[in-house]
Protein chains: 2
Amino acid sequence: MTAPSIRARVRAEMIDEIKAIARQHLAADGANLSLRAVARDLGMVSSAVYRYFPSRDELLTALIIDAYDALGAAVEAADAGTTPDDLRGRWHGVFRAARRWALDNPAEYALIYGSPVPGYAAPRDTVEPAQRPPVVLVGILRDGFTSGQVTPPPADELSDPVRADLAAISDLIAPGLPEALLARGMAAWTQLFGLISFEIFGRLNNGLDHRDEYFDHQTRLMADLVGLP
Amino acid sequence: MTAPSIRARVRAEMIDEIKAIARQHLAADGANLSLRAVARDLGMVSSAVYRYFPSRDELLTALIIDAYDALGAAVEAADAGTTPDDLRGRWHGVFRAARRWALDNPAEYALIYGSPVPGYAAPRDTVEPAQRPPVVLVGILRDGFTSGQVTPPPADELSDPVRADLAAISDLIAPGLPEALLARGMAAWTQLFGLISFEIFGRLNNGLDHRDEYFDHQTRLMADLVGLP
DNA sequence: CTGTGTCGAGAGCAGTGCTCTCGTTCCGTA
DNA sequence: TACGGAACGAGAGCACTGCTCTCGACACAG
């Protein structure tokens, strides 16, 4: 890797600056991001932005990938910061880290987990970073299973076709994990997403004031569901 | 209620027609609904639509309320069509009805359960219809509790502040339901929302082909969680 | 029958994404 | 070191959007 030319470095800085301003607009105005407004804030004309992003959707895609990576990094860091054998500690740490990141970055959370933008199809680049949080979750389950701390549910609680589907998924993200346990892990992941979405999108504004404790309680229910000791 | 004048009846029909066309556009183009395009399809000019809806947001709000009511009606009809004592039958019926409606009306589902439109605050009119599906769910739990078929979880699995919050919610939508059972019902409701959202928003496009069975399995896990016999 | 209020059409304003053109500046290569 | 191509920013312009205002036509209540 040779030293990047001044132009390349300036270009990289420009891209970062555009994304930073765009993130601010996102937080202020929501998903209907105005490329012209971003350009104005940068002191340049809208057509100049097109030197860096071929379209508004491409800019949004870049922000989406960044958001996935930021959430994934936060979750992985939380998991890495706990003692590996303390499964419940890891579990709660991961759940809390995901919620914390979402509460700190609600606009970006809405961007990646809200309704997809109409004509917008998620590019291939987004599927890998999008899998990081659930992979961490099932990683805890796999550790528990291999160490014997977690007893998997009976395999026959799954119908054959579903078990086959889950076996394929298991091969990709958590080889060796029993399908019935993976199914419960996915239930927990679905629950985590639903809990955060309800809170971020204001569906808990009905007198549920102690949200930290409520979240922890639901996290505990899911820990029980997957069989953490 | 006197007979409505011709003008009033024509106006009501016009409102319905606008909403019908708008729903078509919603299904085709997603949430960025163009009022002008709707007007074009109706053979009139955009300013004429403003005689019926004061703004695009008001039109969207009307569609949102209709969507909430349609989903609520579908769920309630499913619950009413089963035998009251068969709690698990009712449970699965409600879950399936909600999913069915969402799969049949993905754009409207995204409208009410996707990321909220930026500057858009849900009007008061939407909170009551929005509560209909969860109310049906906890209704099953309350029936099971009062009939003795469902044994509530130990009350001390909840911290005091959360139990107080849940007691207030319980008073509103399911008086007499133990808080710990309500908490599990809300977990099930969160799970239902998450399951549908993952499927509608394409987050299950990873080899999970037998979605009906997968959905039923997760529904069963939630039935176990809330303690249905 | 007459005045009031509703209706639809049209023009217009400010904003949007995006394209194209035109000088200017940078930078690898000869 | 000089040059030619590439990258860059500015500006004009197109088609579109939500929304407002005005104006003529019609319906309806008194």
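Proteins come first, then strands; the chains are lettered A, B, ... in the order of their sequence lines, and each starts at number 1.
- Between B:Phe198 and A:Trp189 there is a side-chain heavy-atom pair separated by less than 4.5 Å.
- Heavy atoms only, all atoms of each residue included: B:Ala102 and B:Ile196 are closest at CB-CG2, 3.4 Å.
- Between B:Asp212 and B:Arg99 there is a salt bridge, with a side-chain nitrogen of the basic residue lying less than 4.0 Å from a carboxylate oxygen of the acidic one.
- Per the geometry, CD belonging to B:Glu58 stands 14 Å off C1' belonging to D:dG18, to the nearest Å.
- Side-chain contact between B:Leu35 and B:Tyr50 is present, with heavy atoms from C-beta onward closer than 4.5 Å.
- Taking 4.0 Å as the cut-off between side-chain N and carboxylate O, B:Asp216 and B:Arg96 count as a salt-bridged pair.
- Pairing each heavy atom of A:Arg142 with each of A:Ile173, the nearest pair is NH1-O, 4.2 Å.
- Put simply, CZ on B:Arg11 is 13 Å from C1' on C:dG8, counting in whole angstrom units.
- Across the protein-nucleic acid pair, B:Phe53 atom CZ and D:dC19 atom C1' stand 16 Å apart, rounded to whole Å.
- Annotation: side chain of A:Met186 is not in contact with side chain of A:Val138 (no heavy-atom distance under 4.5 Å).
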Could you go over nucleotides 9-19 of chain C and give all protein N or O partners under 3.5 Å, atom names and distances?
unit_1 : atom_1 : unit_2  : atom_2 : d
C:dA9  : OP2    : B:Val45 : N      : 3.0
C:dA9  : N7     : B:Ser47 : OG     : 3.2
C:dG10 : O6     : B:Ser47 : OG     : 2.7
C:dG12 : O6     : B:Arg36 : NH2    : 3.4
C:dT16 : OP1    : A:Ser34 : OG     : 2.8
C:dT16 : OP1    : A:Arg40 : NH2    : 3.4
C:dT16 : OP2    : A:Arg40 : NH1    : 3.3
C:dT16 : OP2    : A:Arg40 : NH2    : 3.3
C:dG17 : OP1    : A:Leu33 : O      : 3.1
C:dG17 : OP1    : A:Leu35 : N      : 2.6
C:dG17 : OP2    : A:Leu35 : N      : 3.2
C:dG17 : OP2    : A:Arg36 : N      : 3.0
C:dG17 : N7     : A:Arg36 : NH1    : 2.4
C:dG17 : O6     : A:Arg36 : NH1    : 2.8
C:dC18 : OP2    : A:Tyr50 : OH     : 2.9
C:dC18 : OP2    : A:Arg56 : N      : 2.7
C:dC18 : O5'    : A:Tyr50 : OH     : 3.4
C:dC18 : N4     : A:Arg36 : NH1    : 3.3

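- Put simply, A:Tyr52 has a side-chain N or O that comes within less than 4.0 Å of OP1 or OP2 on D:dG9.
- Note: B:Tyr68 and B:Tyr113 have perpendicular aromatic rings, judged against thresholds of 30 and 60 degrees for the angle between ring planes.
- Between B:Phe201 and B:Tyr109, the ring planes are tilted. Angles from 30° to 60° get that label.
- In plain terms, the two heavy atoms of A:Leu141 and A:Gly185 that are nearest each other are CD1-CA, 3.6 Å.
- Taking each heavy atom of A:Pro129 and A:Asp69 in turn, the nearest pair found is CB-OD1, 3.4 Å.
- An angle of 0°, rounded to 10°, separates the two end axes of the helix from C:dC1-D:dG30 to C:dA30-D:dT1, each defined over five pairs.
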Quick one: which protein N/O atoms are closer than 3.5 Å to N/O atoms of nucleotides 24-30 of chain D? Pair and distance per line, please.
none

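- Atom C1' of nucleotide D:dA7 and atom CD1 of A:Ile15 are separated by 13 Å, given to the nearest angstrom.
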